[in-house]
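Remarks on the structure that follows.
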Amino acid sequence: MIAHVDMDCFFVAVERLKDSSLKGRPMAVGGDPAEGRSVVTSASYEAREFGVHAAMPMAVAVRRCPGLVVMPPDFDLYDQYHYKVKEVLNAFSPVVEMTSIDEGYMDLKGTERLWGPPMEAGERIHWAIKQATQLDCTIGIASTGTTAKIASEEAKPNGLLCLPAGTEAQFLAPLSVGAIPGVGGKTAALLESFGLEYIHQIASAGESLMVSTLGATGRWLWRTSVGLHERKVTPEWRRKSISKEVTFRTDTTDREYLTAVLHILMEKVCRQLRREKKKARTVSLKLRYEDFETIDRFQTLSQPDNRDPSLFSVAKDLMLSAITRRVAIRLIGVGLSNLTGSGHQTELFSEKRWLKEWNRLQAIDRTRRQFGFNSLLAGEAIHLANGQ
DNA sequence: TCTGGGGTCCTAGGACCC
DNA sequence: TCTGGGGTCCTAGGACCC
């Protein structure tokens, strides 16, 4: 059996540990509404009663819920609690996969002798998390990870739902298709256009009909609908990309400004790349125009690299050729993917210049760790750091 | 009402190779 | 004249998740 553990209103709950006067009040974690262009990251149940939910523009949230308390996110603290939760889960099973900051899967196979049957294990885990963090969570347990996740969603908040093997389809039947992880608004609307509104309707449509109309998507939808879709629990997660993006307070057409911001973003992304001892072969650039049209441009290099100057020049060229419209830009982002372990063995010996450059960047990274990011900024980024 | 930032995965077409 | 089939890599776009 697989357990899915999901922390309840995670960010809000952690904020309330810091400041207990926030308990019982409608609150949200997210950007300051006065700063504009921010969004709700996490909303308390009290705020949800006013129609406030995650991803809602903060300006709208404040309008809907006068008196909403807004706290800025404190990701370092959330990270600490994330690790506490992970430690608890690891004490119960060797096969644990945290899939985000506030949820994870664990395989309960072989834990019965220690922790009892699934329901009992679930109770112990629930209690242990509360002891270790003072936080509430909800646990779903089922024969597959996907069904377990749906179960935990249904059991919120502070719940525990264990589906005995064989009862999955019966549990899933009355739920709407949107309860399936991976089915968002667009897919739900598409399914509805076929007359598929509830999970049991997908189940009774049959596998072959689902496959013939929706291909591979139809297959996993059908398998999910009858509780057969497997989701493996894979403990070692490996990051596949690193990216940074910013939305401007005011849209801009100024290419020098865009270039300078791009430079800062690339420095940050490269710093993280080197910290993780990796190299990247693909550089990506993202732009969002003021009308929300969003484009991506990619370039894959023949050799992986981790130095900002060369990666920046690729990103800059991508940006200059990507800007084709005369519309102002609201967001710029840069990403690195096709990551490999830094594997600098060959170059290290064959190319002295490369080695020198690498050592220089290492020194810069060290300085920044000590004195903060803005203590060193190269060329095009400098005027921004000087408080423009 | 006016839309963040960090990610993953899927699809589809074109290039290229055998 | 009409023209395979499969595999892999790359790019662009989109959906989705927290």
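Keep in mind that this is a model prediction, so the values were computed, not measured. Throughout, a chain's letter reflects where its sequence line sits, starting with A, and its residues are numbered from 1.
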Legend entry - side chain to side chain contact (heavy atoms under 4.5 Å, CB included) against A/Ala132, all qualifying residues, sequence neighbours excluded: A/Val88

Legend entry - Geometric cation-pi criterion A/Arg325 and A/Tyr289, 6.0 Å radius, 45° cone: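 Here A/Arg325 passes the 6.0 Å and 45° test against A/Tyr289.
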
Atom pair distance, as rounded to whole Å: [atom1] in [X] and [atom2] in [N]:
{"X": "A/Tyr289", "N": "B/dT3", "atom1": "OH", "atom2": "C1'", "value": "19 Å"}
{"X": "A/Tyr105", "N": "B/dT8", "atom1": "OH", "atom2": "C1'", "value": "13 Å"}
{"X": "A/Ile332", "N": "B/dG5", "atom1": "CD1", "atom2": "P", "value": "12 Å"}
{"X": "A/Asp8", "N": "C/dC18", "atom1": "CG", "atom2": "P", "value": "13 Å"}
{"X": "A/Phe11", "N": "B/dG5", "atom1": "CZ", "atom2": "C1'", "value": "11 Å"}
{"X": "A/His82", "N": "B/dG7", "atom1": "NE2", "atom2": "C1'", "value": "14 Å"}
{"X": "A/Leu339", "N": "B/dT8", "atom1": "CG", "atom2": "C1'", "value": "13 Å"}
{"X": "A/His4", "N": "C/dC17", "atom1": "NE2", "atom2": "C1'", "value": "11 Å"}

Legend entry - Per-nucleotide protein contact string for nucleotides 10-16 of chain C, where B marks a base within reach and S marks sugar-phosphate only (heavy atoms under 4.0 Å, - for neither): SSBS-SS

What's [X] touching, base or sugar-phosphate or nothing? Going by heavy atoms closer than 4.0 Å.
{"X": "A/Lys286", "answer": "nothing"}
{"X": "A/Phe10", "answer": "nothing"}
{"X": "A/Arg64", "answer": "nothing"}

Legend entry - Heavy-atom side-chain contact between A/Ile2 and A/Thr147 under 4.5 Å: no

Legend entry - Beyond-backbone contact of A/Phe312 with A/Val269, side-chain heavy atoms, under 4.5 angstrom: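 Side-chain contact under 4.5 Å: no.
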
Validation: residues 187-200 of chain A side-chain donor-acceptor distances under 3.5 Å, sequence neighbours left out:
residue  : atom : partner  : partner atom : Å
A/Ser193 : OG   : A/Leu190 : O            : 2.5

Inset, instruction - Within residues 53-63 of chain A, find the residues that approach DNA chain B with a heavy atom at under 4.0 Å, and present them sorted by residue number. - result: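 The answer is A/Ala55, A/Pro57, A/Val60, A/Arg63.
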
Inset, instruction - Determine yes or no for a side-chain-to-main-chain donor-acceptor pair under 3.5 angstrom, with A/Asp136 supplying the side chain and A/Asp8 the backbone. - result: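 No; zero donor-acceptor contacts below 3.5 Å.
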
Please state whether the phosphate of [N], meaning OP1 or OP2, lies under 4.0 angstrom from any side-chain nitrogen or oxygen of [X].
{"X": "A/Arg239", "N": "B/dG7", "answer": "yes"}
{"X": "A/Ser243", "N": "B/dG7", "answer": "yes"}
{"X": "A/Arg288", "N": "B/dG4", "answer": "yes"}
{"X": "A/Thr99", "N": "C/dC18", "answer": "no"}

Inset, instruction - Write out the stems for DNA chain C, ordered by first number and formatted as range with range, counting runs of at least 3 consecutive Watson-Crick or G-U wobble pairs under 3.5 Å. - result: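 Consecutive-pair runs (3 or more) involving DNA chain C: B:5-18 with C:5-18.
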
Legend entry - Greater than 12 external heavy atoms within 6.0 Å of A/Glu120's CD: yes

Inset, instruction - Report, as yes or no, whether the 6.0 Å neighbourhood of atom CD on A/Glu276 holds more than 12 heavy atoms from other residues, nucleotides or ligands. - result: yes

Legend entry - Which residue lies more 5' along DNA chain B, comparing A/Gln272 with A/Phe75 via nearest heavy atoms: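 That would be A/Phe75.
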
Legend entry - DNA chain B: 5'-proximal contact among A/Gly36 and A/Lys244 (nearest heavy atom):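 Closer to the 5' end of DNA chain B: A/Gly36.
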
Inset, instruction - Among residues two or more places apart or on two chains, list those pairs meeting salt bridge (Lys or Arg N to Asp or Glu O under 4.0 Å) that have a residue in residues 73-100 of chain A. - result: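 Pairs touching residues 73-100 of chain A that pass the test: A/Lys18-A/Asp74, A/Glu97-A/Arg231.
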
Inset, instruction - Write down the distance separating the P atoms in B/dC16 and C/dC2, rounded off to the nearest Å. - result: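 To the nearest whole Å, 25 Å.
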
Legend entry - Inter-nucleotide C1' distance (B/dC17, C/dG4), Å rounded: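 Straight-line distance between the two C1' atoms is 14 Å.
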
Inset, instruction - List the steps, then state whether ring-ring contact (aromatic ring centres under 6.0 Å, His included) holds for A/Tyr81 with A/Tyr78. - result: CA-CA 5 Å; A/Tyr81 279 92; A/Tyr78 308 153; 8.5 Å; no

Is the closest basic N to carboxylate O distance between [X] and [Y] below 4.0 Å?
{"X": "A/Glu153", "Y": "A/Lys149", "value": "no"}
{"X": "A/Asp19", "Y": "A/Arg25", "value": "no"}
{"X": "A/Arg16", "Y": "A/Glu46", "value": "yes"}

